[in-house]
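Heads up, the thing below is written out as C-alpha cells.
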Protein chains: 6
Amino acid sequence: MKRVLVLAPHADDETLGVGGTIAKRVAAGDAVTVVVLTGHGTELHPVFPREVFETVRAECEAAMRVLGVTDLRFLELPAVQVPDLPKWAVNKTMQELIEDVSPDEIFVPFPFDMHGDHRSLFHAASVAWRPVTAAGRQVKRVMCYEVLSETHWNSPYLEPGFLPQRFEIITDTLELKLRALECYRSQVRPFPDIRSVQAIRALAELRGALVGVPAAETFVVIREVQ
Amino acid sequence: MKRVLVLAPHADDETLGVGGTIAKRVAAGDAVTVVVLTGHGTELHPVFPREVFETVRAECEAAMRVLGVTDLRFLELPAVQVPDLPKWAVNKTMQELIEDVSPDEIFVPFPFDMHGDHRSLFHAASVAWRPVTAAGRQVKRVMCYEVLSETHWNSPYLEPGFLPQRFEIITDTLELKLRALECYRSQVRPFPDIRSVQAIRALAELRGALVGVPAAETFVVIREVQ
Amino acid sequence: MKRVLVLAPHADDETLGVGGTIAKRVAAGDAVTVVVLTGHGTELHPVFPREVFETVRAECEAAMRVLGVTDLRFLELPAVQVPDLPKWAVNKTMQELIEDVSPDEIFVPFPFDMHGDHRSLFHAASVAWRPVTAAGRQVKRVMCYEVLSETHWNSPYLEPGFLPQRFEIITDTLELKLRALECYRSQVRPFPDIRSVQAIRALAELRGALVGVPAAETFVVIREVQ
Amino acid sequence: MKRVLVLAPHADDETLGVGGTIAKRVAAGDAVTVVVLTGHGTELHPVFPREVFETVRAECEAAMRVLGVTDLRFLELPAVQVPDLPKWAVNKTMQELIEDVSPDEIFVPFPFDMHGDHRSLFHAASVAWRPVTAAGRQVKRVMCYEVLSETHWNSPYLEPGFLPQRFEIITDTLELKLRALECYRSQVRPFPDIRSVQAIRALAELRGALVGVPAAETFVVIREVQ
Amino acid sequence: MKRVLVLAPHADDETLGVGGTIAKRVAAGDAVTVVVLTGHGTELHPVFPREVFETVRAECEAAMRVLGVTDLRFLELPAVQVPDLPKWAVNKTMQELIEDVSPDEIFVPFPFDMHGDHRSLFHAASVAWRPVTAAGRQVKRVMCYEVLSETHWNSPYLEPGFLPQRFEIITDTLELKLRALECYRSQVRPFPDIRSVQAIRALAELRGALVGVPAAETFVVIREVQ
Amino acid sequence: MKRVLVLAPHADDETLGVGGTIAKRVAAGDAVTVVVLTGHGTELHPVFPREVFETVRAECEAAMRVLGVTDLRFLELPAVQVPDLPKWAVNKTMQELIEDVSPDEIFVPFPFDMHGDHRSLFHAASVAWRPVTAAGRQVKRVMCYEVLSETHWNSPYLEPGFLPQRFEIITDTLELKLRALECYRSQVRPFPDIRSVQAIRALAELRGALVGVPAAETFVVIREVQ
C-alpha cells in the first residue's frame, strides 16, 4: 500500500488535475490524502467573504466522496495571499504536512500556473520534499498536474510550458472524475468556458489519444527515486 | 486580398493543422495556395509504392474542395527522404516556391515535429522567407501549425514544446475541417487513434475554450512585420 | 478604430519601448491610452522625494504631446515597491484599469526586465487579460516591448532573452520618438550611456535592418486572438 | 517479469550510463537486452580498422557477463557514420529492433550527447517508440542515460543540459558496474581522464548523495505510461 | 592585483562553492573579500536562535583562515527572510557593498538555488552590478557558483540547470578547500549526506575530469567585459 | 603571447563578427589565425561559379591586411554543402586544423545561425576542442560571435537566441573594422540592408552602450578553463 498526497491550492484543483488518477489510486488500494491548502484564513479576507469558502469546501467534500477519498484536509493559508505570507512560515506549514503524511507519491500544481498561490506553494513544497529529512527521503515520486484554467494561460516560451512525460490511463475513472467535477456547482460553467465538463473531457480524450487510449491525465515528472 | 501559403510536408498535414483557418481565409476572400511538398519522387521510392501517393493525393483534392481551396499544388520531393537530400537543393525548391507565390502569410509545420521531413522543410522555408529578396520582404506573417500525430510526440523539455501565441477562432468552419478530414480515408482511424475525427475535435474544443470560444486552431508565431 | 493600451511602469518606459509605434497608431486613428503605473504613492517614499516624480511626469506630458497621445494617466503605485505590495491589490488595480480601457491591443514590459516593478506588473497584467471577463476576451493582441536600460541586462540564458517576433516599421515616426525622448531631460544622458538618443537610434536602425527597413520597434508576442 | 532494452550506440555506453541499473534489473529478474547499435559495418570503414571493433566487442561480452546480461546483440550500423545514413533506413533498423524485443522499458542515450551517432540514434528510436504500433504502446517507460565522455561536453545553455528526474539507487551494484567497466581495457584510462574508474565512481557518489544514498545512476525521463 | 568579491548568503556557501578558487586567488595575490550576507538580524528571529549564527560564524572565521582570506565581513540581513524584506532595501544594501568593495570579479550564488535567500540576493546583486555606476563598470567578471545542497535540487527543466562554462583548476587547493570545509562542524555530515567531505571531493574530481585535470570548481558566466 | 583562432565559414563572417576584436588582439601582440573554411571545393559547385569565391577571397585578403592579420588560410570545404558532407570527414578537417594551430582562444560562429554551414561547422569544431587531445586541453576559451545576416534570423524561442555574456570593448578598433568591412565590395550593401556599414556600426554602438562604452563586440561563452 502506497501513500499518495495530492496538494491542492484551492478546492477543485485536485479534481481538475488529478481526479481520474485519484480514483484510480483509491481503486488500487492506495491511501490517498487530499489537502486543500488555502481558505479564508484566520484574519479578515480582503477579497472573498467566508461563505465562498464554505460553499466550495462542501462541494469538495461531495467530490471527494465521489472519488472515494476518505482523508480530506483543509488548511487555512489565506487564499490569493500566499505570495505575501512570510516564506519561512509557508515552508514550515508545508514541511509539517509532508512529515505528517510521509507520502510515497506527491501531486503538486505546475510551478508556472497563473495563480500566485500555485507558484508559492510549489516552491514551499519543493523545499519540503528535499531528501534531508526521513519524510523527504520517503518520497519516491513527485509530479505536477495541469489545471485548465491556470496552467495554459502563462506566457508562451517566456515561462516553461506544461510538457508532460507521464501519462496515467484513466479510461475506467474518467466518468467518476466528471461526476466529481459536477459537484463543484460554484466553479463549473457551461462550455466553451475553460472550466466546463466538456473542456475537461476534451482534455482527457486528447491526452489519452496521444498514447492510444480513450482517456488519460498527464503529469510533469519532477523526481523519481527507485 | 491577402495571399496565403500553406506548406504541407505530406497530404493531410494542411487539414490537420490549418483546415479550419484555411476555410476561414477562403471565406474572407483571401487567395489560399496549399502546397504538398513531398510525394513519390522521380526515383524508385525505398519505402512506399506509388499507389500510396496516388490515393492520398486524390483524398487531398477532395479535402481541398471541401475547404474551398482552388490552388492546390504537389511537389515531388521524395517522402521520408527530405533530410537526406542536398540541403541547397531543398532550399532552392522552397525559394522558388515562395518567390512564385509571394505570400503575405505562411503556415509552416512546427520545426520540432517528429517527422524528419517536417524538420528539414521548416529550415528550408526559414531560409526562403529571409527579408533578403522582394518575396521575403513581402511576407507579413509566418506561423507554425500543430499536427496531432507529429507535434506532441517529441521529447518533453529536450525539444521545445508547441506553445501557441496565436488563436484563430474556427467556430464557423470546424465542421468543414472535420468533413475535409474525413476525405482522408487512408489516413484517418477510429478513436482513440490520434488521427481520429474525435481527437481532432477534442483539440479544437480545447484550444477554443482556452480563449472562451467553441473552437480554435492555434499557432506559434515566428515573424510578423507591420 | 482600435483601442490601444500602453502600460508603462515608470514614465519614459512607454517612449523608450513603444514611442515610434505609439505615434504610428495615433496617425492611424487608433485611440491610444498611456498609463504610467507608479509614482510617489500615497505614503512617504523610502527612496525618492516627491519632486522626482513631479519632474518626470511633466516631461512625460511633454513627450506624449509630441507623440500625439491625448489619454495619459498616472497611477500611484509606489515606485520600486511594487514587488512588496500585496499581490491581490496590484492585481485588482490592473484589472480595474483593463476593464476601464477595454483595449484591443496591449503593450506591456518584458517580464524579465531587471526592474522588479516591471516583473510584478507584467504578472498582474497577465492575470487581468485572462479571457475570463468581457474585457479579457476583448484583448486581441498582447505584446512585450524592450527598454534598453532594463531588458538586456538580465542574466543570459538563466532568464529568457528578448527575442522579438513582431516588427513594427517606424520609419515615419522615428524622429518623433527621438524628440519625445528628448523631453525626458532628467532621464536621458549623452552617449555611450544606454539611455542616450544615439543608443536608441542605433537600436531602431538595427531592428529595422533585420527586416530591411530604416527603422523598427520590436515586440515579443504573448497572445493574439483573431 | 519486465523486458528491458538498453540501446548503446557503441560498446561501453551501456556500462558507463546504465551499468549499475542493468545489474539491478537482472537481480530483480527482469529480461535485459543490450544492443550495441554500431560496428564496422558491411563496407570499408573510413576511420577505424576492423580490429578495433573486434577488441571492444570482446570487452563488451566480458562486461556483460559481469553484469549478468545474457541477451547481448551487435548491429552493424557503421560507427561515426550514422548521421550520414539514409534516415528512413536507420528508422527501419530501430523499428524492427523494438518490435522484436517489445520492451517495457527503454534506456537510450541523451539526444544532445556530443557524438553524432548518439543524436541520430535517439531520433530513430523516438520514431520507433511512438504509440502507433503494438510494440510502441507496450513501452511503459523511456529514459535517457548519461555518458561522462559525451553528455557533459555539449554547449552550455545552447543545447539542453542533462538534468535528471530519475534516480536509480545502485548501492548494491556499483562495484559490479566498476568491474564491468574495467573489462573495457581499450577504452578506460587512468584518472583524471573522464573515462576513468575514479571519475565514474565520483559520478555515482555524487548522484547518490543528491538523494541521500551512497550510489545512484540518474536518468532523464522521456515518457511513462501507467 | 585584482579585487575579488565572494557573496555568500549563509556562512559555508563560500567554501562549498568557491573554496578552492578563493585559495587560488589568494595565492595569486588578489585581494579577496568574503561577505556573509545574512545572520540573525536585528529583530527576533522566527526560526533560529542567536547561538546558531554565533557558532557558524566562528566556523566561518576558522575556514577563512584556512583559505587565507583576511577580509571577511558579516552583514545582518535576517536569514531565511530575505525574500520577505523590502526589495529596495535589499538592493540598497547590496549596492552599498559593491560600491564599497568595487570588485573586478564577483562570485554570486546561482539564481535558481532552492533557498529563497539565494534567489533574492542574486537579483539584488544583479541590480547592483549594472554598468550605471563607476563600481558597476569596474566589474570585469561575474560568475555563479554551485552549492551541492542548493543548486541541484531545483526542478529539472522547469528551472534552468547549472551548466558551467567556466572551469577553475583547483588541483593545488582542493585539500585546503576540504580542510576549510571541515571547520564547519555544525554543517558538515558524514557521506552519503550531500554536505559531506566525500561528496564535495567527488564533485571536484568530476568537474576536473571534464577538462582533464584532477580537480576543478565550475561556474556559470554571467558577464565579462574586457 | 596568446594564439587566437577565428573560424569563418565564409569570407566576411570573421570581419562581421570579430573584426574589432581581431584588430585588438593583433594590437595586443597575439598571434591571430583566420581560417575561411569553405570555398568552391574540388568538385563542380552546384550553385556558385568559381569567380564568386575568387572575388570574395581577394576581398578577404584586403580586409585582413586592414586588420593586421598575417596568417590567413582558405580551406576548400564546398560552400552551402557542409551539412551534406560525411560528418566524420568534416570532423577530421576541423581536428587537423585545431591540432595544427593549437589555439588558446577560439572564435566560432553561433550554432543556431541560419546557414547550415555555420551549424555543421560549429558541431565539428566542438568535437575538435574536446579536452581529449593535447590541442583540446590547450584551448582556454571558446566563444561564439554574432553575424547580423545569420544570427538574428533564426526562430525566436524555438532556437536559442544570441545572448552574450562577454563584451570586448572595441572603441579603438571600430573604424578599422568598418574599413575592413568596406573591402567586401561584393558583400556589403547600402543601409537599410542588414549587411551595411551603418547596420554594423549601429550594432557596435548598441553593444557598447550596454556596458557604457562607445563600441563593443559581444560573444556567447562556451568554455573557459583557467
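Throughout, protein chains are lettered first and strands after them, A, B, ... in sequence-line order, and every chain is numbered starting at 1.
- To the nearest 0.5 Å, atoms CH2 (A/Trp88) and NE2 (E/His45) are separated by 9.0 Å.
- Of residues 76-87 of chain E, those residues lying under 4.5 Å from chain A by any heavy-atom pair are E/Val80, E/Gln81, E/Pro83, E/Asp84.
- Under a cut-off of 6.0 angstrom, the local environment of NZ in A/Lys140 is crowded, with over 12 non-hydrogen atoms contributed by other residues, nucleotides or ligands.
- The shortest side-chain heavy-atom distance between E/Trp153 and A/Pro131 falls under the 4.5 Å cut-off.
- Listed here is the closest heavy atom pair of E/Leu158 and A/Cys144: CD1-SG, 4.3 Å.
- Within 6.0 Å of CZ in A/Arg73 there are more than 12 heavy atoms belonging to other residues, nucleotides or ligands.
- Across all non-hydrogen atoms, the minimal contact from E/Met114 to A/Arg130 is CG-CD, 4.4 Å.
- With a 4.5 Å cut-off on non-hydrogen atoms, A/Val142 does not touch chain E at all.
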